[in-house]
Colleague: 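Let me give you the structure first, and then I'll get to my questions.
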Amino acid sequence: MVWPTTVAELIEAQRALAVANPEPWRPGPLTVGGCFVCFPRGHTGIGAAGDPAWAAAVLLADGRRVGRYVVRATARGPYQAGLLALREGPLLEAAVRGLPRLPDVLLVNATGRDHPRRAGLAIHLGAELGVPTVGVTHRPLLATGEWPEPRAGAASPLFLEGELVGYWLRPRAAKRPIVVHPGWRVDPETALDVVRRCCARWRTPEPLRLARRAARTARARSG
DNA sequence: GCGACAG
DNA sequence: ATCTTGTCGC
């Protein structure tokens, strides 16, 4: 399979992903991956194809980092809500494929079913890699729901046209909640379970935090 | 027609 | 995504 390069191709791929019915994945002993793309400091707006970028992925086993890969890359297009795969999809795939092995489950900075065609980048990247995925974002794309109570670990459902598409989750009692999105082969409750296990120390799940740090460190070193 | 709208 | 200022804590 190849990443779509045009809006029409991506929309067609998203429609297929929305009705795909992969075998549900159940968490056993976990290796958890995280991946992240950053852009130059001072970068603003939606950008364009050719923007410099840094993509990183990390692999954690028993909470310890056992793999890391960072690659200098180039954005494939501008950012447009609902079409994030056109900008970051191939970059994230390249970062994850650079790991010593694929994770049991991968955390992605993107939505899943919370998407105009129910096929956000977390789902798309998981399908592409053949790896179960969970999306984590700062806010929903289209879904709505009340914030959970200010207690660490509290969660509340997010709905899109009547469908449960994810959860608000508060990793830290006093701080803003994050959004947890079931991705490829992952149901909402499993997604929540995976992310909770990764938030022992920080608001941002550890695999995403380490991938973000790795990408930004590379950016600082290579301008 | 206009604003909203993951990163 | 990135920016901004102070603030709290290890």
Colleague: Quiz question: going by heavy-atom distance under 3.5 Å, is there a donor-acceptor pair between the base of B:dA6 and the side chain of A:T137?
Modeller: no
Colleague: Using atom CZ of A:R176 as one end and atom P of B:dA6 as the other, report the distance to the nearest whole Å.
Modeller: 11 Å
Colleague: Indicate the atoms forming the closest heavy-atom contact of A:V179 with A:P140, along with that distance.
Modeller: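 Smallest interatomic distance, heavy atoms only, reads CG2-N, 3.7 Å.
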Colleague: Taking CD1 from A:I46 and C1' from B:dA4, how many angstroms apart are they, rounded to a whole number?
Modeller: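 These atoms are roughly 14 Å apart.
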Colleague: Please state how far atom CD in A:Q14 lies from atom C1' in B:dA6, giving the value in whole angstrom units.
Modeller: 12 Å
Colleague: So, does A:R87 get its side chain near the phosphate of B:dG7, meaning an N or O under 4.0 Å from OP1 or OP2?
Modeller: no
Colleague: Separation of A:L125 atom CG from B:dA6 atom P, in whole Å?
Modeller: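 Going from CG in A:L125 over to P in B:dA6 covers 19 Å.
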Colleague: Need one value for A:L83: base, sugar-phosphate or nothing, where a base atom within 4.0 Å counts as base even if backbone is also close, heavy atoms only.
Modeller: base
Colleague: Can you give the first and last nucleotides of DNA chain C, 5' to 3', that have an atom under 4.0 Å from a heavy atom of chain A?
Modeller: C:dA1 to C:dC3
Colleague: When we call it a touch if two heavy atoms are under 4.0 Å apart, what does A:P116 touch: a base, just sugar-phosphate, or nothing?
Modeller: nothing
Colleague: Can you name the closest pair of heavy atoms from A:T74 and A:L91 and give their distance?
Modeller: O-CD1, 3.4 Å
Colleague: Taking CG from A:L84 and P from B:dG7, how many angstroms apart are they, rounded to a whole number?
Modeller: 8 Å
Colleague: So, applying side-chain contact (heavy atoms from CB on, under 4.5 Å) with A:L106, which one of A:T31, A:L59, A:L99, A:V131 is it?
Modeller: A:V131
Colleague: Using a 4.0 Å heavy-atom cut-off across all strands, classify A:G47 as base, sugar-phosphate, or nothing.
Modeller: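 Nothing, no heavy atom under 4.0 Å.
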Colleague: What contact category does A:G120 fall into here, base, sugar-phosphate, or nothing, at under 4.0 angstrom with non-hydrogen atoms?
Modeller: base
Colleague: Relative to A:F39, does A:R87 satisfy both conditions: NZ or CZ under 6.0 angstrom from the six-membered ring centre, and within 45 degrees of the ring's axis?
Modeller: yes
Colleague: Tell me what A:F39 touches on the nucleic acid: a base, only sugar-phosphate, or nothing, going by heavy atoms under 4.0 Å.
Modeller: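 Sugar-phosphate, backbone atoms only, no base.
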Colleague: What dot-bracket string describes DNA chain B from 5' to 3', counting Watson-Crick and G-U wobble pairs whose defining distances are under 3.5 Å, with [ ] for crossing pairs and | for pairs to another strand?
Modeller: .......
Colleague: Indicate yes or no: does A:R64 engage A:E206 in a salt bridge with an N to O separation below 4.0 Å.
Modeller: no
Colleague: Counting the atoms with a prime plus P, OP1 and OP2 as sugar-phosphate, which does A:R212 contact under 4.0 Å by heavy atoms, base, sugar-phosphate, or nothing?
Modeller: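 A:R212: no heavy atom of the nucleic acid under 4.0 Å.
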Colleague: I need the CH2-C1' distance between A:W54 and B:dG7, as an integer number of Å.
Modeller: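 So the two atoms are 16 Å apart, to the nearest Å.
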Colleague: Is a side-chain N or O of A:S156 found less than 3.5 angstrom from the main chain of A:E146, in a donor-acceptor match?
Modeller: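 Indeed, once roles are kept as given, a pair shorter than 3.5 Å links the two residues.
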Colleague: Would you classify A:H115 as touching base, sugar-phosphate or nothing, given that sugar-phosphate means primed atoms plus P, OP1 and OP2, and contacts are heavy atoms under 4.0 Å?
Modeller: base
Colleague: Please say whether more than 12 non-hydrogen atoms of neighbouring residues, nucleotides or ligands are located less than 6.0 Å from CZ in A:R68.
Modeller: no
Colleague: Measure from the ring center of A:H124 to the ring center of A:W184 and say whether it is less than 6.0 Å.
Modeller: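 Ring-ring flag for A:H124/A:W184: false, centres at least 6.0 Å apart.
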Colleague: I'd like to check A:P205 versus A:V136 (side-chain heavy atoms, cut-off strictly below 4.5 Å). Are they in contact?
Modeller: yes
Colleague: So what does A:L121 touch, heavy atoms closer than 4.0 Å: a base, only the sugar-phosphate, or nothing?
Modeller: base
Colleague: Tell me whether the count of non-hydrogen atoms from other residues, nucleotides or ligands lying under 6.0 Å of CZ in A:R201 goes above 12.
Modeller: no
Colleague: How many Å lie between CG on A:D51 and P on B:dG7, as a whole number?
Modeller: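 It is 17 Å, rounded to the nearest whole Å.
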Colleague: Classify A:G135 by what it touches in the nucleic acid, base, sugar-phosphate, or nothing, heavy-atom distance under 4.0 Å.
Modeller: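 Since no nucleic acid heavy atom lies under 4.0 Å of A:G135, the category is nothing.
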Colleague: In whole angstrom, what separates A:L10's CG from B:dG7's P?
Modeller: 17 Å
